[in-house]
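Let me begin by presenting the structure, written as structure tokens, before commenting on it.
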Amino acid sequence: MAYLDHAATTPMLPDALEAYVAAAAHLGNASALHAAGRGARRLVEEARESVAADLGARPSEVIFTGGGTESDNLAVKGMFWGRGDAEPGRRRVLCSEIEHHAVLDAVEWLERHEGATVSWLPVDAAGRIRMDVLAGVLAEHGDEIALVTAMWANNEVGTVQPISEMSAVCDEQGIPLHTDAIQAVGQVPVSFADSGASALTVTGHKLGGPAGVGVLLLGRDVPVTPLMHGGGQERDVRSGTLDVPGVVSFAAALRVAVAEQAATAERLTLLRDDLIARVRHAVPDAILNGDPVNRLPGNAHLSFPGCEGDAILMLLDAAGVQCATGSACNAGVAQPSHVLLAMGADETLARSTLRFSLGHTSTQEDVDELIAALPTAVERARAASAT
Amino acid sequence: MKVLAAMSGGVDSAVAAARAAEAGHDVTGVHLALSRNPQTYRTGARGCCTLEDSRDARRAADVIGIPFYVWDMAERFHEDVVDDFVAEYAAGRTPNPCLRCNEKIKFAAVLDRAVALGFDAVVTGHHARIDAGVLRRSVDMGKDQSYVLAVLNSEQLSRAIFPLGDITKEQVRAEAAERGLAVADKPDSHDICFIADGDTRGFLTERIGAKPGDIVDGESGEVLGEHNGAFAYTVGQRHGLGLTRPASDGKPRYVLSITPVSNTVTVGPREALEVTIVRGKRPIWTDGVARTEPIECEVQLRAHGEVHAATLVADGDEVTAHLRAPARGVSAGQAMVAYLPDGGGDVVLASATITGAERG
């Protein structure tokens with residue numbers, strides 16, 4: 001079995017699992033005032049400090065959430081409402097065309113239901129956000145903009161964006177930038193302070209922690225309207241009793257992921273470059289998508305002209321090799337990837353892609369297994385497309 | 001064998017897939033997405049083509065322990081089945097979309113794709129038997145689906161597996177429950193899967209457009225009423241004719257024929273429906289051997305219809321069935337399926353598309 005879908009989820013790190021089990025044995029609501037509550041609170045606050053230290057943030061900037069989708073929604077909707085309340089004229093959202101659906105759909109919802117005006121930021125053929133377009137929109141509509149949202153690294157094609165450059169130009173006009181850094185953390189260096197972003201999304205299960213726990217790093221002076229109302233546990237921005245073992249485990253995973261990031265990146269880059277070279281050797285017309293240089297170390301995203309990605313995926317799965325088409329499903333029916341379409345691919349090519357993503361447990365054997373199974377799978381998928 | 005099980009989300013296809021896996025085949029489950037918008041087809045218990053059905057199928061595959069995928073066949077289905085359905089009605093014929101789906105989708109588009117991907121056969125939950133390439137009726141005559149499979153040629157049949165032919169529907173449900181399949185009690189699907197509310201006339205009117213015309217008595221030539229589109233009528237139909245005046249003999253009227261050119265629906269008394277000669281075209285011989293001599297057999301002229309003893313005469317692309325006793329309500333566009341009676345399950349000999357019928 002070769003697991004080449006770490007960008008979807010990656011195995012829990014031993015430290016994270018151990019921390020989870022240990023914390024789960026503790027009794028205590030972190031909001032309670034008695035001894036049990038204090039014990040739980042101590043675990044949560046230590047986790048918060050640890051997360052802050054690992055991501056270049058202050059502890060007060062760490063908001064624990066129920067995962068990446070919640071963090072993205074809280075940032076996009078909460079910042080739109082928060083800024084709009086203070087300055088009603090700011091109803092424009094700038095959003096890249098290659099965002100994850102957790103951001104994309106939240107923005108589209110604001111457009112449909114909350115009267116937001118959206119400026120979609122296009123990307124070039126390598127998936128890099130067009131800085132010239134961003135500058136143009138900022139110049140033209142600067143005083144109407146509530147927020148800009150742009151991901152740190154794309155989950156499908158792996159292209160890494162110049163986030164600090166973007167936040168610098170936004171900052172000149174006092175416009176907050178949210179960045180979804182879910183794929184970036186643990187793969188490339190991420191510092192909230194250095195990025196200049198006002199808000200940054202992270203999730204646990206992409207970096208070796210548990211699913212269902214995420215973080216939104218949120219600058220102290222960024223106005224945000226909460227999505228859920230209740231006890232106001234997290235800075236009055238996010239309500240709900242904290243999942244203590246989840247939070248503790250998240251912090252433990254993040255600690256390892258960040259400490260080992262440089263070494264992991266170096267190892268995965270070598271492995272990934274080998275994977276890409278051997279795929280191209282086995283299937284000479286395969287096309288590498290995304291930025292060839294500024295890409296996530298674990299990401300290899302390729303198009304196989306004349307094939308449907310779905311068909312190759314099924315055949316590889318049968319051969320024990322697990323990967324993803326990288327595109328969203330509608331009732332289980334694969335849709336052409338909006339990321340590839342934004343990069344200028346046509347629908348057919350956008351359906352012909354596969355994402356192989358490496359992570360902390362990936363080995364040379366995984367790549368060997370892929371290369372052994374791929375040529376037959378591609379040949380059959382090509383024949384199936386011709387029927 | 002490496003086989004692909006088509007899983008609709010219903011109980012039959014789930015048990016069929018489970019039986020194939022138990023028989024030692026390497027089974028992969030596939031749900032066919034046939035709707036362009038999965039939310040628009042029928043919902044709930046009437047079942048097929050919905051998101052819920054797709055999930056039911058996936059859940060069954062997980063319990064059986066086989067891989068499961070969704071294949072998008074919406075475009076092909078619309079071209080080959082839905083558009084064909086509308087065009088046939090517009091031409092005054094009465095098509096059977098299930099039959100067309102088997103012929104063009106399940107055992108053509110899906111089978112071809114499966115073979116290209118390295119599969120040996122397609123498994124479905126149809127109630128019919130197949131052994132050594134011979135297609136036979138199911139042991140459950142009430143659920144038998146050999147009629148809608150009779151359009152398959154020998155090559156298609158050689159790559160088809162129907163694991164349910166030797167058990168009844170009741171046994172299928174009991175077996176589903178034993179296997180822990182949640183669809184054991186799911187109601188049967190009825191009617192036409194792509195017509196959400198079961199309103200075929202409304203569906204056709206929406207696509208073809210209302211075309212008012214006369215309902216004429218075939219014997220007297222009198223105009224007995226008006227219709228909104230001849231396509232909405234089927235030969236043999238009695239109810240819902242909307243006649244504004246009674247026929248001169250005072251007897252009920254039935255649809256005898258539909259003439260799209262003059263946009264006329266011709267009606268007549270029940271006995272005028274009786275035919276003894278049924279003509280068809282495009283014969284498909286399930287064993288691949290075209291017969292030239294007259295054959296004594298039984299013919300079935302619509303799904304779940306009665307059978308008629310007949311002599312079948314084939315001449316190239318044309319087939320004629322001479323019925324021993326008259327049949328009623330024979331519609332062009334339906335299939336005429338010839339069976340050879342057999343104690344081990346009647347054998348499907350051939351099918352042809354009905355082009356017309358007359359009194360001999």
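Lettering follows sequence order; numbering is per chain, from 1.
The CE atom of A/Met314 lies 4.5 Å from the CG atom of B/Leu117; values are rounded to the nearest 0.5 Å. One distance of note links OG1 of A/Thr387 with CG of B/Leu111; it measures 10.0 Å at 0.5 Å rounding. A/Glu308 CD to B/Arg113 CZ: the interatomic distance, rounded to the nearest 0.5 Å, is 4.5 Å.
The two residues A/Ala383 and B/Ala116 come nearest to each other via the heavy atoms C-CB, 3.7 Å.
Considering only heavy atoms from C-beta on, B/Tyr69 comes within 4.5 Å of A/Asp317 through its side chain. At a threshold of 4.5 Å between non-hydrogen side-chain atoms, the residues B/Phe119 and A/Arg380 do not count as touching.
Shown here is B/Lys169, whose NZ atom has more than 12 heavy atoms of other residues, nucleotides or ligands within 6.0 Å. Atom CZ of B/Arg179 is surrounded by more than 12 heavy atoms from other residues, nucleotides or ligands within 6.0 Å. By the neighbour-count criterion of 12 heavy atoms within 6.0 Å, atom CD of A/Glu114 is densely surrounded, having more than that number from other residues, nucleotides or ligands. The number of heavy atoms from other shown groups lying within 6.0 Å of NZ (B/Lys281) does not exceed 12.
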